[in-house]
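Presented below is the structure to which this report refers.
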Amino acid sequence: MSPKKPRPNDLLPLTPRMLHVLLALTDGARHGYAIMEEVQACSGGRVRVGPGTLYEALQSLEKKELVEVVPNKPGDDPRRRYHKLTPLGRKVLQAEADRLTDLMRVMKAKKVQARPT
């Protein structure tokens with residue numbers, strides 16, 4: 001009998017680091033340095049992920065089958081490893097977005113407002 005696949009909600013909540021890495025991969029496969037740049041760009045420079053932290057997150061996400069390594073394209077630097085979201089990874093990211101939306105709804109009802117950046 002094959003092991004049971006986890007449901008997206010079983011993998012929540014995501015750590016902030018994992019959330020940022022999954023978000024960086026929503027547009028397609030990226031190598032490590034490109035993921036770090038995307039995280040910084042999407043967060044307006046507020047979040048920076050260093051190489052050690054990134055690769056630890058990628059290993060964890062691979063183990064959970066949320067991302068996978070994809071073959072390099074011809075001409076790419078063979079030392080680079082490209083990662084992409086798996087279908088489960090995309091579902092988990094959507095489940096996290098739903099969870100955070102619900103949380104924001106509660107915060108708004110309790111009059112907790114985010115300060116303008």
Side-chain angles (χ1 to χ4, degrees):
M1 186 149 83
S2 65
K4 185 178 171 186
K5 288 271 188 188
R7 295 175 307 189
N9 286 335
D10 295 341
L11 299 172
L12 300 183
L14 294 173
T15 66
R17 171 178 55 191
M18 288 181 173
L19 175 59
H20 282 285
V21 170
L22 292 179
L23 282 171
L25 295 172
T26 58
D27 298 326
R30 293 181 192 269
H31 56 79
Y33 186 73
I35 294 170
M36 290 188 292
E37 287 183 324
E38 181 69 7
V39 167
Q40 188 172 349
C42 286
S43 69
R46 289 186 301 268
V47 177
R48 293 180 185 198
V49 179
T53 303
L54 173 65
Y55 289 106
E56 184 181 294
L58 285 170
Q59 283 181 334
S60 179
L61 292 167
E62 279 182 62
K63 196 178 286 186
K64 294 177 182 183
E65 299 182 9
L66 303 183
V67 301
E68 63 187 359
V69 176
V70 295
N72 290 11
K73 298 174 190 158
D76 284 342
D77 185 336
R79 295 171 295 179
R80 289 185 171 164
R81 290 184 63 196
Y82 286 78
H83 291 82
K84 74 171 192 169
L85 279 176
T86 63
L88 177 60
R90 201 165 288 281
K91 288 176 186 174
V92 168
L93 187 57
Q94 183 61 58
E96 181 71 341
D98 294 343
R99 185 187 75 80
L100 291 171
T101 298
D102 292 343
L103 180 60
M104 290 303 298
R105 201 173 294 119
V106 170
M107 292 176 77
K108 187 174 181 179
K110 294 198 176 272
K111 309 241 187 292
V112 177
Q113 303 271 333
R115 287 183 249 161
T117 57

Is a donor on one side and an acceptor on the other found under 3.5 Å between the side chain of Arg17 and the backbone of Ala57? no

Which of these, Val49, Leu23, Thr26, Asp27, sits in a side-chain contact (heavy atoms from CB on, under 4.5 Å) with Glu38? Asp27

Starting from the C-alpha separation in whole Å, work towards a yes-or-no answer on side-chain contact (heavy atoms from CB on, under 4.5 Å) for Val21 and Leu58. CA-CA 8 Å; Val21 170; Leu58 285 170; 3.8 Å; yes

NZ (Lys73) and CZ (Arg80) are apart, to the nearest 0.5 Å, by 11.5 Å

Work out which heavy atom in Ala95 is nearest to a heavy atom in Asn9; give both atom names and the distance. CB-OD1, 3.4 Å

What I'd like to find out is whether the side chain of Leu100 reaches to under 4.5 Å of the side chain of Leu19, using heavy atoms alone. yes

Using a strict threshold of under 4.0 Å (side-chain N to carboxylate O), is an ion pair present between Arg7 and Asp10? yes

With a 4.5 Å heavy-atom cut-off, do Pro6 and Val92 have their side chains touching? no

Are Tyr33 and Leu54 in one and the same hydrophobic cluster, where Ile, Leu, Val, Met, Phe, Trp and Tyr link if side-chain heavy atoms are under 4.5 Å apart? yes

Using every non-hydrogen atom in the two residues, find where Leu88 and Pro8 come nearest and quote the distance to one decimal. CD1-CG, 4.3 Å

Same apolar cluster (I L V M F W Y, side chains within < 4.5 Å links), Val70/Tyr55: no

So how far is it from Lys91 NZ to Leu11 CG, rounded to the nearest 0.5 Å? 12.0 Å

Should Tyr82 and Leu85 be regarded as members of a common hydrophobic cluster, given that ILVMFWY residues are connected when their side-chain heavy atoms come within less than 4.5 Å of each other, either directly or indirectly? no

Can you name the closest pair of heavy atoms from Val47 and Ser43 and give their distance? N-OG, 2.9 Å

So, does Asn72 use its side chain to make a donor-acceptor pair with the main chain of Asp77 at under 3.5 Å? yes

Can you tell if the side chain of Met36 reaches within under 4.5 Å of the side chain of Arg48, non-hydrogen atoms only? no

Can you check whether Glu37 reaches Arg30 side chain to side chain, under 4.5 Å on heavy atoms? no

For Glu65, does its backbone N or O pair with a side-chain atom of Thr86 as donor and acceptor, under 3.5 Å? yes

So do Leu93 and Leu25 actually touch side chain to side chain, heavy atoms under 4.5 Å? no

Residues 99-108 vs side chain to side chain donor-acceptor pair (under 3.5 Å), sequence neighbours excluded, gives Glu96-Arg99, Asp102-Arg105

